[in-house]
Each structure stands twice: as C-alpha cells, then as structure tokens.
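In what follows, a single structure is set out as structure tokens and then discussed.
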Amino acid sequence: RPENVIISGGTLKIIAKKETYSGSAYTSARILTKDKFSFKYGKIEFSAKLPTGVGTWPAVWSLGNNINTVGWPACGEIDFMEHVGAQQNKIFGTLHYPGFSGGNAVGGTVVISNASSAFHKYTVEWTAASIRFSVDDVPFFTFTNSASLPFNQNFFMIMNVAMGGNFGGPVDPAFISSAMEVDYIRVYQ
C-alpha cells in the first residue's frame, strides 16, 4: 500500500503495520522494477537498517525476467539480503533454482551487530562465474555460477517487508509497527 512507503529525512522507509486491511492482519509494501529496470551481472550495493519484531521478514531480492514464461524456480531467484525478526542480526544470502528452492535453497548466513539500529552495507557481486555476498565489505558466501544455471539472464529487483510466512514465522502478537529504512540502493555494471 502507498501508505506503507514514505521518503523522509533522506531515506526510504517500507513500514509494516499491525492493522486489518482486506482480510489481512498486517499491511506493508513492496517495490519492484519488473518491466521498468532489469540487469544481468554487476555489483548490487545498498545501505539499510532492518525492522525489528518476531515475524518481520525484510528482503532485497530479484527474479529472472522470464518468470512469466518459465515460472519459479526455473527463472531463478537471488536473495541479496533477507532477515527474519526471530533471528535478530542474522543475515541471509540465498539462491533458488530448479532442484534447490524453498527450504532446499543454496546460501549462506552471517551474524552482525545492530542490524536494526545502524545502517549496514549489503553487497552482491554477480558474474558469469560467481555470485558473492558481503556485509560491510566482508564476504560471507560465494556461489559458483555456470551456464547451466538461470543466473545468466536479466533479473528485476524487489524490496519488501513481509510479515509471517514460511520463512518469517509466526508474528509476535505484541507487534505494532516497524520499518526497513534504506539509505541507497545502487547497481554498478
């Protein structure tokens, strides 16, 4: 919902709120570049503070442009950064593709301090040979890419704060509101 996205103080805020709307108990927002901007290979870098609260699930991620024709996971998915409130300060970098999707995806994690109270720099360097994930310039997972995988085509980007779900888990009944605050997001090619 547009009410869940604001720009103030020089940053973008995607706000998850406990409120009843269209049959759901929570509202939030997602921003996607589908049919507007996509890219193949490059360095993706963004600076963000993550929301707090058990059940929050902020992410900056991408899907292959061919999702409408081949579906998921054949299109491929690169999760540049995911976080779940039940595992405060644990950052996930994950790849989904045929045979390795959902709970069977391939990825790595790193625990950082103050993920929700300070800005951290999240970086993914994506080439035909590898996909490397870093936080604050410290690599924590490298994936070997190859021509047989779906990570060699244009991808579009998505930023969102989900609530609950298979990965986010049950939402704390005391949750009221929290935001992912993004200082910048850049793609270098």
According to a 4.5 Å side-chain heavy-atom criterion applied to Ile, Leu, Val, Met, Phe, Trp and Tyr, with indirect links allowed, do Phe156 and Ile131 form part of one hydrophobic cluster?
->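 No, Phe156 and Ile131 fall in different hydrophobic clusters.
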
Cluster check Ile185, Met180: I/L/V/M/F/W/Y, side chain < 4.5 angstrom |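 As far as the 4.5 Å side-chain criterion goes, Met180 and Ile185 are connected within one cluster.
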
Residue pair [X] / [Y], side-chain heavy-atom distance below 4.5 Å:
{"X": "Val171", "Y": "Val54", "result": "no"}
{"X": "Tyr122", "Y": "Ile91", "result": "yes"}
{"X": "Met81", "Y": "Leu50", "result": "yes"}
{"X": "Ile67", "Y": "Lys34", "result": "yes"}
{"X": "Phe92", "Y": "Phe167", "result": "yes"}
{"X": "Met163", "Y": "Thr56", "result": "yes"}
{"X": "Ile14", "Y": "Ile31", "result": "yes"}
{"X": "Met159", "Y": "Met157", "result": "no"}

Using a 3.5 Å distance criterion without hydrogens, assess whether the side chain of [X] forms a donor-acceptor pair with backbone atoms of [Y].
{"X": "Ser177", "Y": "Ala16", "result": "yes"}
{"X": "Asp137", "Y": "Ser134", "result": "no"}
{"X": "Thr127", "Y": "Ala129", "result": "yes"}
{"X": "Gln189", "Y": "Lys40", "result": "yes"}
{"X": "Ser178", "Y": "Gly53", "result": "no"}
{"X": "Asp136", "Y": "Lys121", "result": "yes"}
{"X": "Asp172", "Y": "Ala174", "result": "yes"}
{"X": "Gln153", "Y": "Pro150", "result": "yes"}

Could you report the tightest heavy-atom contact between [X] and [Y], atom names first, then the distance?
{"X": "Trp57", "Y": "Asn166", "answer": "CZ3-N, 4.5 Å"}
{"X": "Arg132", "Y": "Pro139", "answer": "CD-CB, 4.0 Å"}
{"X": "Ala105", "Y": "Thr94", "answer": "CB-CG2, 3.4 Å"}
{"X": "Asn152", "Y": "Tyr41", "answer": "OD1-OH, 2.7 Å"}
{"X": "Val5", "Y": "Ala29", "answer": "CG2-CB, 3.2 Å"}
{"X": "Lys13", "Y": "Ser8", "answer": "NZ-O, 2.5 Å"}

With sequence neighbours excluded, what pairs up with Lys18 under the side chain to side chain donor-acceptor pair (under 3.5 Å) test?
->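 For Lys18 there are no side chain to side chain donor-acceptor pair (under 3.5 Å) partners, ignoring immediate neighbours.
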
Answer with yes or no after comparing the ring centroid distance for [X] and [Y] against a 6.0 Å cut-off, counting only values under it.
{"X": "Trp61", "Y": "Phe80", "result": "no"}
{"X": "Tyr21", "Y": "Tyr26", "result": "no"}
{"X": "Trp72", "Y": "His96", "result": "yes"}
{"X": "Phe37", "Y": "Phe39", "result": "yes"}

When rounded to the nearest 0.5 angstrom, what distance separates [atom1] in [X] from [atom2] in [Y]?
{"X": "Thr123", "Y": "Phe140", "atom1": "OG1", "atom2": "CZ", "value": "10.0 Å"}
{"X": "Asn89", "Y": "Ser113", "atom1": "CG", "atom2": "OG", "value": "6.5 Å"}
{"X": "Ser62", "Y": "Leu32", "atom1": "OG", "atom2": "CG", "value": "12.0 Å"}
{"X": "Leu63", "Y": "Asn154", "atom1": "CG", "atom2": "CG", "value": "13.0 Å"}
{"X": "Asn160", "Y": "Asn4", "atom1": "CG", "atom2": "CG", "value": "12.0 Å"}
{"X": "Leu12", "Y": "Tyr184", "atom1": "CG", "atom2": "OH", "value": "14.5 Å"}

How about Ser22 and Ser24: does a side-chain donor come under 3.5 Å of a side-chain acceptor?
->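 No - no donor-acceptor pair under 3.5 Å links their side chains.
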
Note: Glu19-Arg1 ion pair, threshold 4.0 Å (strictly below) |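 Salt bridge: yes.
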
Charged N to carboxylate O under 4.0 angstrom, Lys43 versus Glu125?
->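 No, this pair does not count.
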
Side chain to side chain contact (heavy atoms under 4.5 Å, CB included) partner of Cys75, chosen from Asn65, Thr69, Asn66, Asn68 =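 The residue from Asn65, Thr69, Asn66, Asn68 that satisfies side chain to side chain contact (heavy atoms under 4.5 Å, CB included) with Cys75 turns out to be Asn66.
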
Out of Phe155, Tyr188, Phe151, which residue meets the ring-ring contact (aromatic ring centres under 6.0 Å, His included) rule with Trp126?
->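 The single option meeting the ring-ring contact (aromatic ring centres under 6.0 Å, His included) with Trp126 is Phe155.
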
Passes side chain to side chain donor-acceptor pair (under 3.5 Å), Gln88 versus Ser116? Steps please.
-> CA-CA 8 Å; Gln88 185 62 34; Ser116 299; 2.9 Å; yes

Neighbour count above 12 (heavy atom, 6.0 Å) for Asn104 CG |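 Atom CG in Asn104 is crowded, with more than 12 foreign heavy atoms closer than 6.0 Å.
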
Tell me, with the steps shown, if Ser28 and Lys17 meet side chain to side chain donor-acceptor pair (under 3.5 Å).
-> CA-CA 6 Å; Ser28 187; Lys17 299 177 187 177; over 6 Å; no

Determine, for Phe46 and Arg186, whether the Lys NZ or Arg CZ falls below 6.0 Å from the six-membered ring centre while staying within 45 degrees of the axis.
->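 No, a cation-pi geometry is absent between Arg186 and Phe46.
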
Tell me, with the steps shown, if Phe141 and Leu95 meet side-chain contact (heavy atoms from CB on, under 4.5 Å).
-> CA-CA 11 Å; Phe141 176 65; Leu95 298 133; 4.0 Å; yes

